[in-house]
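Before any comments, here is the structure.
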Number of protein chains: 2
Amino acid sequence: MARTPPTKPRKNALQARSRATVDALVEATARILVRDGFEKTSTNRIAEIAGVSVGSLYQYFPSKEALVAAVIDRHNDEIMGLVRTTLVEVADLPVDKAVRKLVTVAIEAHRINPKLHRVLAEQIPRTGQLADVEAFNREIHTLVRAYLESRRKEMRKVDVDVATFICVSTIEAVAHNTVLDHAEVLSEKMVRTLVDETTKMVVGYLR
Amino acid sequence: MARTPPTKPRKNALQARSRATVDALVEATARILVRDGFEKTSTNRIAEIAGVSVGSLYQYFPSKEALVAAVIDRHNDEIMGLVRTTLVEVADLPVDKAVRKLVTVAIEAHRINPKLHRVLAEQIPRTGQLADVEAFNREIHTLVRAYLESRRKEMRKVDVDVATFICVSTIEAVAHNTVLDHAEVLSEKMVRTLVDETTKMVVGYLR
DNA sequence: CTATAATGCGAGTGATCACTCGCTTTTTCT
DNA sequence: AGAAAAAGCGAGTGATCACTCGCATTATAG
């Protein structure tokens with residue numbers, strides 16, 4: 001039945017002490033993922049770095065996957081925080097201003113923790129439970145779609161779903177490749193150029 | 001020293017018999033990757049499916065990674081075949097026709113073996129040697145860049161490198177998401193719409 | 001202060017799996 | 001034909017690692 005490892009906490013951390021343990025474990029997992037990569041990340045090592053025993057680890061996380069999932073969730077939450085905020089700010093702006101802000105925030109989001117982002121994107125086999133990424137994507141699509149819908153009159157006649165798909169894919173890809181390919185040598189000037197160009201393309205497309 | 005597993009064949013297959021063995025191993029690897037995913041792909045299993053002993057496997061492939069790398073290479077070669085051909089065909093076409101063909105071929109390329117493509121993209125930890133993907137990307141960029149360079153007069157004033165980066169990222173992302181998100185339920189009509197729209201966006205951007 | 005619950009411990013276990021090695025069979029060479 | 005090289009075999013090995021279990025320590029309740 002349960003083909004993929006469970007992801008939910010076995011037990012809820014109630015006391016302050018145990019909450020600290022849980023935090024330390026998630027933090028340690030993120031650190032090891034960045035430092036050593038997914039392959040070299042073992043539960044014993046995580047516990048060690050967190051300054052906690054393996055036994056305690058398994059009090060709160062039923063599997064290694066659960067730990068990684070927690071790291072992913074934490075990272076996604078940070079990103080979604082940014083994105084949601086921006087989409088609210090953007091609601092009353094015309095398409096050109098809005099798109100520019102969205103492109104900017106996409107790049108910012110990827111720059112929150114580029115190393116972690118890279119490991120999560122490249123080294124973690126997305127299998128079973130770990131595909132919370134879908135929910136994440138769906139939310140972004142929904143939010144962007146709602147904005148585009150509300151700004152229909154400024155735009156040429158387009159299928160909103162198709163436009164959402166293309167815009168989100170494009171902006172995400174440019175941001176992703178910008179931050180990951182060009183690694184850390186990313187001048188502010190370069191970023192501005194890419195934001196300008198991408199904005200130009202997307203806005204040109206929408207109207 | 002050698003931190004990542006070697007990828008080169010330990011021995012070259014000379015006789016017809018051994019060439020068949022090598023082929024069977026690569027083919028079996030691909031099949032198991034698709035059927036069971038990366039995690040459940042073990043060398044013993046690969047040998048079994050290939051109808052070959054583990055010992056023989058290690059005659060030709062020094063590591064499990066080498067086998068997976070061979071599968072990736074084979075798949076990339078198929079894609080690059082398509083892409084190179086298309087870029088030759090396209091050399092004498094105006095930007096709008098050219099972009100349309102490129103978008104089309106990008107989607108076709110992803111549809112060669114979508115299931116394998118998905119596994120390679122989502123489940124294989126890209127670590128060390130397996131980053132032949134970079135060479136692959138570089139070639140595509142070079143080819144596209146050359147085309148754009150040659151068609152400069154039809155285009156507005158753009159930095160060719162930036163334009164290449166944005167165009168390739170965009171087209172790749174749309175193709176990737178189209179084939180992988182919308183899985184197998186991909187009507188020809190939908191594909192045409194997406195090709196139309198993406199082409200419109202990119203062409204609009206270039207001139 | 002005592003009882004009970006919550007948290008923490010870490011040596012040990014069982015399973016998996018990449019890979020080796022000594023040997024046999026098949027092909028090629030002369 | 002015989003010798004040598006190439007290909008093939010698969011039981012076994014050693015290492016890794018996720019996870020358990022019985023017990024110790026610390027916190028809360030009564």
| message | Salt bridge check, B:E197 against B:K200: does any charged N sit closer than 4.0 Å to a carboxylate O? | response |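 A salt bridge is present here (some side-chain N lies under 4.0 Å from a carboxylate O).
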| task | Say whether, by atom type as modelled, one donor and one acceptor occur between the side chain of A:S150 and the main chain of A:Y147 under 3.5 angstrom. | result |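 Looks like yes, one N/O pair under 3.5 Å.
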| Between D:dG8 and B:S53, is there an OP1 or OP2 to side-chain N/O distance shorter than 4.0 Å? |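 Answer is no, no contact under 4.0 Å.
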| message | OP1 or OP2 of D:dG8 versus the side-chain N and O atoms of B:Y60: is any pair under 4.0 Å? | response |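 For D:dG8, OP1 or OP2 has a side-chain N or O of B:Y60 closer than 4.0 Å.
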Grab the [atom1]-[atom2] distance between [X] and [N] for me, whole Å please.
X	N	atom1	atom2	result
B:I32	C:dA18	CD1	P	11 Å
A:K40	D:dA18	NZ	P	13 Å
A:F61	D:dT20	CZ	P	15 Å
A:Q59	D:dC19	CD	C1'	13 Å
B:E39	D:dA18	CD	P	11 Å
B:L57	D:dA7	CG	P	15 Å

| Taking the side chain of B:S42 as its heavy atoms from C-beta onward, which of D:dC9, C:dT20, C:dA18 lies nearest to it? |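 Looking only at side-chain atoms, B:S42 lies closest to C:dA18.
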| said: As a test of reading the structure: which of D:dT20, D:dG8, C:dA18 is closest to the side chain of B:K64, going by heavy atoms? | reply: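 Closest of the options to the side chain of B:K64: C:dA18.
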| Could you go step by step and tell me if B:R74 and B:E78 meet the salt bridge (charged side-chain N to carboxylate O under 4.0 Å, His left out) rule? | CA-CA 6 Å; B:R74 211 179 60 170; B:E78 287 187 71; 5.1 Å; no
| request: Please indicate whether B:R31 has more than 12 foreign heavy atoms, meaning atoms of other residues, nucleotides or ligands, lying under 6.0 Å from its CZ. | output: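 Incorrect, the count does not exceed 12.
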| said: Output one letter per nucleotide in nucleotides 24-30 of chain C: B when a protein non-hydrogen atom lies under 4.0 Å from the base, S when only the sugar-phosphate is that close, - when neither is. | reply: --SSS--
| task | Answer whether the closest heavy-atom distance between the side chains of B:M190 and B:L194 falls below 4.5 Å. | result |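 The answer is yes, as the side chains (C-beta and beyond) meet within the 4.5 Å cut-off.
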| Would you call the rings of A:H141 and A:F165 parallel, tilted or perpendicular, where under 30° means parallel and over 60° means perpendicular? |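 Taking A:F165 first and then A:H141, their aromatic rings sit tilted (interplane angle of 30° to 60°).
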| said: Return whichever of A:N44 or A:V52 has its heavy-atom-nearest nucleotide of DNA chain C closer to the 5' end. | reply: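 Checking each residue's closest nucleotide, the 5'-ward one belongs to A:V52.
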